[in-house]
Amino acid sequence: MKHILLVFALVFLASCSSTSEEDNSSPNQEELAELYKAQNDKEIQDYIAANNLNAQKSNTGLYYVINDPGTGKQPTSTNDVTVVYKGYLTNGDVFDESASAGASFNLSNLILGWREGLTYFKEGGNGILLIPSHLAYGNNGIGSIPGGAVIIFDIDLISVN
């Protein structure tokens, strides 16, 4: 009986210690998101410096460059807009691009970085959105965009519909 209890105790301790080691070795989704926030901010700042951009940072962590603010209507985060855009990673790999006539979207259906970022422009305006992963596709990514990736969009706001 003593041997059975001793074996049970050893198995129990081994399973507890391996579980806690596994928990410590791999971050959960929340910890991973915080790690990406710090990495993304540095990556964006490095990109801004390397490309000599005059970017502003919002309270959410979105960076944006206004080349031309535009003069027409200014969208809200729920408006329909027509935008000419090119989306790429900080290494220059393009993952999406609109036709030269633009593409129309309802901002409420898009990632948080676009919902916020487009509101800094008026019709006819253009610039760059530098979007950290927590305002884009998060820890998991989508398609050719890896999890935790910073994404960048060159945008021309054609119209607020």
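Sequence positions, counted from 1, serve as the residue numbers for this chain.
- Lys86 pairs in a side chain to side chain contact (heavy atoms under 4.5 Å, CB included) with only one of the listed residues (Ile128, Asp156, Asp154), which is Asp154.
- Side chain of Asn51 to main chain of Leu53: no donor-acceptor pair is present (N/O by atom type, distance under 3.5 Å, no hydrogens or angles).
- Note that the CG atom of Leu130 and the CG atom of Leu135 stand 11.5 Å from one another [nearest 0.5 Å].
- Distance alone, capped at 3.5 Å, places no donor-acceptor pair between the Asn40 side chain and the Ala149 backbone.
- Glu34 places no side-chain N or O within 3.5 Å of a backbone atom of Glu31 that could act as its donor or acceptor partner.
- The shortest distance between side-chain heavy atoms of Tyr137 and Ile151 falls below 4.5 Å.
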Evaluate the side chain to side chain contact (heavy atoms under 4.5 Å, CB included) criterion for residues Asp41 and Lys57: first the C-alpha distance (whole Å), next the side-chain angles of each, then the deciding distance (0.1 Å), finally the verdict. CA-CA 10 Å; Asp41 198 65; Lys57 182 180 180 182; 3.1 Å; yes

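- Pro69 has its side chain out of reach of Tyr120: every pair of non-hydrogen atoms, C-beta onward, lies at least 4.5 Å apart.
- No single ILVMFWY cluster, assembled from side-chain heavy atoms under 4.5 Å apart, contains both Ile145 and Val94.
- Using a 4.5 Å heavy-atom cutoff, the side chains of Asn126 and Val84 are not in contact.
- Only one option out of Ile111, Ile44, Ile152 pairs with Ile131 in a side chain to side chain contact (heavy atoms under 4.5 Å, CB included); it is Ile111.
- Each of Tyr36 and Ile142 belongs to its own hydrophobic cluster when Ile, Leu, Val, Met, Phe, Trp and Tyr are linked at side-chain heavy-atom distances under 4.5 angstrom.
- Side chains of Glu116 and Thr60: a donor-acceptor N/O pair is present below 3.5 angstrom, by distance only.
- Although no hydrogens or angles enter the test, the distance criterion places a donor-acceptor pair under 3.5 Å between the side chain of Arg115 and the main chain of Leu110.
- Looking only at atom types and distance, the side chain of Ser159 has no donor-acceptor partner in the side chain of Glu123 under 3.5 Å away.
- Between Ser77 and Thr119, the side chains place no donor N or O within less than 3.5 Å of an acceptor N or O (distance only, hydrogens not considered).
- Looking at every heavy atom in both residues, Ser98 comes nearest to Gly102 through OG-CA, 4.1 Å.
- Residues Lys122 and Thr71 have side chains not in contact (no heavy-atom distance under 4.5 Å, counting atoms from C-beta outward).
- Judged by distance alone, the side chains of Asp96 and Tyr88 never bring a donor and an acceptor atom under 3.5 Å apart.
- Few gaps surround CG on Asn91; more than 12 heavy atoms of other groups in view lie less than 6.0 Å from it.
- A salt bridge links Asp46 and Lys42; the closest N-O separation between the charged side-chain nitrogens and carboxylate oxygens is under 4.0 Å.
- Cluster membership check: Val160 shares its hydrophobic cluster with Tyr85, using side-chain heavy-atom separations under 4.5 Å among Ile, Leu, Val, Met, Phe, Trp and Tyr.
- The residue from Tyr64, Trp114, Tyr63 that alone fulfils the ring-ring contact (aromatic ring centres under 6.0 Å, His included) condition with Phe153 is Trp114.
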Step-by-step side-chain hydrogen bond (donor to acceptor under 3.5 Å, both in side chains) determination, Thr82 to Asn161: CA-CA 7 Å; Thr82 301; Asn161 310 322; 3.0 Å; yes

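- Hydrophobic clustering of Ile, Leu, Val, Met, Phe, Trp and Tyr side chains at less than 4.5 Å, counting indirect connections, unites Leu62 with Val83.
- The shortest distance between side-chain heavy atoms of Leu107 and Val81 falls below 4.5 Å.
- Ser133 and Asn139 share no donor-acceptor pair across their side chains, judged by distance under 3.5 Å alone.
- Cluster membership for Leu112 and Phe105, using ILVMFWY side-chain heavy atoms within less than 4.5 angstrom, is shared.
- One distance of note links CD1 of Ile48 with CD of Glu43; it measures 11.0 Å at 0.5 Å rounding.
- Atoms NE2 and NZ, on His134 and Lys37 in that order, are 4.5 Å from each other to the nearest 0.5 Å.
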